[in-house]
Visitor: 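Have a look at this one before I ask anything.
Note that these values count all heavy atoms, side chains included, but never hydrogens, waters or copies made by symmetry. Chain letters run A, B, ... following the sequence lines, proteins first and then strands; every chain starts at 1.
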Amino acid sequence: MSQSQLNLNQVFKQYLQKKSVFKNKESLTDHYVPDQILHREGEITQIAETMAPSLRGHKVSNMFLYGTVGTGKSVSMKHVASELERVSENVKILYVNCKMKRVSDTEYRLLAELIRKMGQMVPPTGLPTDHVYRIFFEIIDSEKQNIILVLDEIDALIQKTGDEILYNLTRINQDMKNAKLSIVGISNNASFTNDIDPRVKSSLSEEEIIFKPYDATQLKDILTKRSIEAFNTGVLENGVIAKCAALAAQEHGDARRALDLLRMAGEIAERSGELKITTNYVDKAEEKLDMDRIEEIIKSQPRQSQAVMSSIIKLHEEGQRDIQTGDVFTYYEKICKSSGLKPLTQRRISDLVGELDMLGVINAKVISKGRYGRTREINVPISKPMLEKIKKILQERYLL
DNA sequence: GTCAATTCACATGAAAGAGACCACGGTCTAGTG
DNA sequence: CTAGACCGTGGTCTCTTTCATGTGAATTGACGA
């Protein structure tokens, strides 16, 4: 005990003595809102112009922001929102991320979350939805105010719960006497509007703003600016930023990815006691980010899904190419038997395999083999060391 | 050799059930004055 | 008389099951050249 205590003390002491490459790591995380947002001037003015009428108490047009991940939609929106709230006191902005599991991914929970943001409480479950709806309505309409509701990742919400919520929310203005409500939807893909009611769609996208992916040069600018805040001077070797930018530009110009790479490169360098970040560390960072992501996914999967994963890995290890759903199911049943898990039906396994594919842990393509039926062809695009790590996790859970 | 019909092995959808949570209102119980 | 314990009802939410329908090309088998 005292031995390890001693060691820990040493570790902490060394850590404090060591010079850090970071000055302020915060500014490389994605919830950080920089005071100046580069290469989004056009979009920001457009948002601001759309929202400006609220200053005179007019209703703001509903708005839709499109763009792939990491193109600055949320930051831009938050930026304008906070400025607006600063200038005017009867404009209130409610920002909700609809993808947050168990917080706001259903109609009830979204409303509950909104009510919470308005400073009141509502039980997490138990009440009829329309009751919650009325509470929300009454809170909002109790004052003369202009509410702007920002629904981030709105596509996730619609996909899960249908478009009824949006319909209700867009209609709410008709019944309100004092307040006005406008909706800003933020979505990663433009195509999801296809499956919402055309009436809702037209009223919701009175104004549409499209965010294009950043190109490598723009990413470079962004990284440069943030790195000045984030790192101590002189720790970045030439070409590090360019490399992060280039890698992220390959992945549809995702600024978040670029920042993650840079931050992780810094962390790895620091942990190995370096005071200089080289491009070498960027490669390592990329690898580490991938590993972490997959590991996190596997760990957070429910047991059944883990069992399916085990089955796939086992078949993959036995050298089977083009694993089929049926194979997975057969082996899965064996795993269930040996681990005392209650086996699910094939129908369900089919869905679980699909989910694992969606998460990017495996590749499962639906193909038709003619006379020999239609199935998913499953591949495991995972590196050897990662595979070992996953196996270990699954073994700990008695699934291999 | 050609062409439509057949057939396989699941995929994909819809609906409904099970079970965990939870709020609310009513009833019962025990403690208090 | 009242605060708190204890139901029963009704609601949401997630994970599954059940039942039904869909699907795309290899294979088959009839047909004609």
Visitor: Starting at CD of Q346(A) and ending at P of dT12(B), how long is that distance when rounded to a whole Å?
Guide: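 My rounded result for the distance is 13 Å.
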Visitor: Thinking salt bridges, do E267(A) and K25(A) make one under a 4.0 Å N-O criterion?
Guide: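 Yes, charged N to carboxylate O under 4.0 Å.
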Visitor: Any salt bridge linking R257(A) with D260(A)? Criterion: basic side-chain nitrogen under 4.0 Å from a carboxylate oxygen.
Guide: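 Between D260(A) and R257(A) there is no salt bridge, as every charged N stays at least 4.0 Å from the carboxylate O atoms.
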Visitor: Verify the contact: side-chain N or O of T325(A) to OP1 or OP2 of dA9(B), cut-off strictly under 4.0 Å; return yes or no.
Guide: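 Answer is no, no contact under 4.0 Å.
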Visitor: When you measure from the side-chain N and O atoms of T345(A) to the phosphate of dT16(C), is any distance below 4.0 Å, counting only OP1 and OP2?
Guide: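 False: T345(A) side-chain N/O out of range (4.0 Å or more) of dT16(C) OP1/OP2.
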Visitor: On a heavy-atom basis, which atom in L55(A) and which in V87(A) lie closest, and how many Å separate them?
Guide: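 Looking at all heavy atoms of both residues, the shortest contact is CD2-CG1, 4.1 Å.
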Visitor: Would R348(A) pass as a cation-pi partner of F329(A), given that its NZ or CZ must be under 6.0 Å from the six-membered ring centre and within 45 degrees of the axis?
Guide: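 Not flagged: R348(A) not positioned over aromatic ring of F329(A).
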Visitor: Is a salt bridge present between K299(A) and E295(A), judged by a nitrogen-to-oxygen distance below 4.0 Å?
Guide: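 Looking at E295(A) together with K299(A), the answer is yes, because their closest N to O distance falls below 4.0 Å.
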Visitor: Please tell me which of the listed nucleotides, dA11(B), dT16(C), dA9(B), lies nearest to the side chain of R348(A)?
Guide: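 Side chain of R348(A) sits closest to dT16(C).
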Visitor: Please produce a list of atom pairs where a protein N or O lies less than 3.5 Å from an N or O of nucleotides 6-8 of chain B.
Guide:
residue : atom : partner : partner atom : Å
dT7(B)  : O3'  : R371(A) : NH2          : 3.4
dC8(B)  : O4'  : R371(A) : O            : 2.9
dC8(B)  : O2   : G370(A) : O            : 3.1
dC8(B)  : O2   : G373(A) : N            : 3.0

Visitor: Is Q324(A) close enough to dA9(B) that one of its side-chain N or O atoms is under 4.0 Å from OP1 or OP2 there?
Guide: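 Looking at the OP1 and OP2 atoms of dA9(B), neither is under 4.0 Å from any side-chain N or O of Q324(A).
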Visitor: Under 4.0 Å between any heavy atoms, over every strand shown, what does R109(A) touch: base, sugar-phosphate, or nothing? Just pick one.
Guide: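 The answer is sugar-phosphate, as R109(A) gets under 4.0 Å only of primed atoms, P, OP1 or OP2.
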Visitor: Quick one: which of dA25(C), dT12(B), dC10(B) gets closest to the side chain of S368(A)?
Guide: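 Comparing dA25(C), dT12(B), dC10(B) against the side chain of S368(A), the answer is dA25(C).
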Visitor: Can you find a side chain N or O atom of T106(A) that sits less than 4.0 Å from OP1 or OP2 on dC13(C)?
Guide: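 Result: yes.
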Visitor: Side chain of L127(A), heavy atoms from C-beta onward: which of dA23(B), dC10(B), dG24(C) has the nearest atom to it?
Guide: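 Ranking dA23(B), dC10(B), dG24(C) by closest atom to the L127(A) side chain puts dA23(B) first.
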Visitor: Of the listed nucleotides (dG13(B), dC10(B), dT14(C)), which one gets closest to any side-chain atom of D105(A)?
Guide: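 Closest nucleotide to the D105(A) side chain: dT14(C).
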Visitor: Taking atom C1' of dC21(B) as reference, at what distance in whole Å does atom OH of Y108(A) sit?
Guide: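 Answer to the nearest Å: 11 Å.
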Visitor: Quick test of your reading of the model: are K117(A) and E113(A) salt-bridged, counting only N-O distances below 4.0 Å?
Guide: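 Yes, this pair counts.
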